[in-house]
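First up is the structure itself, then whatever we jot down about it.
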Amino acid sequence: MRILTWNVNSIRIRLPQFFEIIAKYQPDVFCLQETKTPDEFFPLNDLVMAGYPYYHFTGMKSYNGVAIFSKIPLSDKQIYNRYNKNDCRHISVKVDDKEKPFELHNIYIPAGGHEADPEVSDSFRHKLEFVDELTEWFSNERSADDAVIAVGDFNIAPLENDVWSHKQMLKVVSHTPVEVEKLTKFFNSIKFVDAVRHFYPASEKLFSWWSYRSANWDMADRGLRLDHIWVTKKLVAGLKQCQVPRDVRGMERPSDHIPVIVDL
DNA sequence: ATGGTTGCTTGGCAA
């Protein structure tokens, strides 16, 4: 079972790169974030024809949007309206794998703006409260004994080596202590395991995003690990491999995020 | 400290 998550930053403009990635990695299930389109303009037929007859997605004009596509049948499709907004950031499905069914959550946590102060910034407060809601929901509605996978662009880089400079990022939204603390509470809600750091030691730098505003992203390498795949303990023994293909950032007209891929 | 880029039913935002 191969699962891929990718913030495509518009599915419509990224279709050529999307086809190349899907052909190369051939995931069984993939989750997209920032599809940036209302459902009526979603290129559904293109994705189905790529080999994914089962799907669940929700989008809106210009912003956000999440999608799950699968070669394996899906059921119990849910859309969550967090923070009293219909902002298309969290969906889930059951992946009805014959041997090991599991529940899959695709989550796009708000970026949170530039000002890391919830008193001043509505978007930063939105981000913190969004994560609080996730923590509460998983604590109340799911258990550490369930087979659950949570993936997506969490817009938080929790570990020191998830950012290019821990010291220089401490006051920058995505790596502030308050965000890391809240993400850690969400992580601990049903005792998730970080399936990526399961393979890449925490002592080594690992990024999944580089800003567009850097002429030389590769050399400067001011990246962040914002994109995550977490699994509950039932699934840990089945973890086989992980890939975070950095070269995807060097494609023509790239997304600012690269895919994260886990085999179970 | 500032500005740097991309994408969005094109024009000021969000990322």
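Quick note on labels: first sequence line is chain A, next is B, and so on, each numbered from 1.
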Worksheet item: Is it true that Arg246(A) and Asp218(A) have a side-chain N and a carboxylate O under 4.0 angstrom from each other?
Response: yes

Worksheet item: Less than 4.0 Å between a side-chain N and a carboxylate O, is that true for Asp263(A) and Lys240(A)?
Response: no

Worksheet item: To the nearest angstrom, how far is Trp217(A) atom CH2 from dT6(B) atom C1'?
Response: 16 Å

Worksheet item: In whole Å, what is the span from the CD1 atom of Ile13(A) to the P atom of dT5(B)?
Response: 16 Å

Practice prompt. Answer yes if the ring centres of Phe57(A) and Tyr52(A) are under 6.0 angstrom apart, and no otherwise.
Written response: no

Fill in: Atom-to-atom span, NZ of Lys61(A) to C1' of dG12(B) - whole angstrom
13 Å

Item to complete: Taking atom C1' in both dA15(B) and dG3(B), compute the distance separating them and give it to the nearest angstrom.
Response: 16 Å

Practice prompt. Verify the contact: side-chain N or O of Arg213(A) to OP1 or OP2 of dA15(B), cut-off strictly under 4.0 Å; return yes or no.
Written response: no

Worksheet item: Looking only at atom P, what distance separates dA14(B) and dT9(B), rounded to whole Å?
Response: 15 Å

Discussion item. What is the separation between atom NE2 on His175(A) and atom C1' on dA15(B), rounded to the nearest whole Å?
Written reply: 19 Å

Practice prompt. Compute whether any side-chain donor of one residue and acceptor of the other, for Tyr54(A) and Asp96(A), lie under 3.5 angstrom apart.
Written response: no

Practice prompt. Determine the interatomic distance between C1' on dG11(B) and the same-named atom on dG7(B); round to the nearest Å.
Written response: 12 Å

Response to the item:
The nucleotide from dA15(B), dC8(B), dT6(B) with an atom nearest the side chain of Ser62(A) is dC8(B)

Item to complete: With C1' as the reference atom in both, quote the distance from dT10(B) to dT6(B) in angstrom, rounded to an integer.
Response: 14 Å

Worksheet entry | Between P of dA15(B) and CD of Gln33(A), the distance in whole Å | 14 Å

Discussion item. Rounded to whole Å, please give me the gap between NZ in Lys171(A) and P in dA1(B).
Written reply: 11 Å

Discussion item. Between dA1(B) and dG12(B), how far apart are the two P atoms, rounded to whole Å?
Written reply: 29 Å

Practice prompt. Check every atom of dC13(B), dT9(B), dA15(B) against the side chain of His114(A) and return the nucleotide holding the closest atom.
Written response: dA15(B)

Worksheet item: Please give, in whole Å, the distance from dA14(B) P to Asp256(A) CG?
Response: 16 Å

Response to the item:
Note: for Glu34(A) and Met60(A) on DNA chain B, the residue whose nearest nucleotide lies more 5' is Met60(A)

Worksheet item: dC8(B) P sits how many Å from Asn64(A) CG, rounded?
Response: 13 Å

Item to complete: Please determine, for dG4(B), whether a Watson-Crick or G-U wobble partner exists with both distances under 3.5 Å, and give it or none.
Response: none

Worksheet item: Quick one: on DNA chain B, does Arg89(A) or Ser211(A) contact a more 5' nucleotide (nearest heavy atom)?
Response: Ser211(A)

Discussion item. At less than 4.0 Å, is any side-chain N or O atom of Arg14(A) found next to OP1 or OP2 of dG7(B)? Yes or no.
Written reply: yes

Discussion item. Can you tell me how the ring of Trp230(A) sits relative to the ring of Phe187(A), calling it parallel under 30°, perpendicular over 60° and tilted otherwise?
Written reply: perpendicular

Worksheet item: How about Phe30(A) and Trp6(A): do any of their side-chain heavy atoms sit closer than 4.5 Å?
Response: no

Discussion item. If the cut-off is 4.0 Å, is Ser10(A) near the phosphate of dC8(B), judged by side-chain N/O to OP1 or OP2?
Written reply: yes

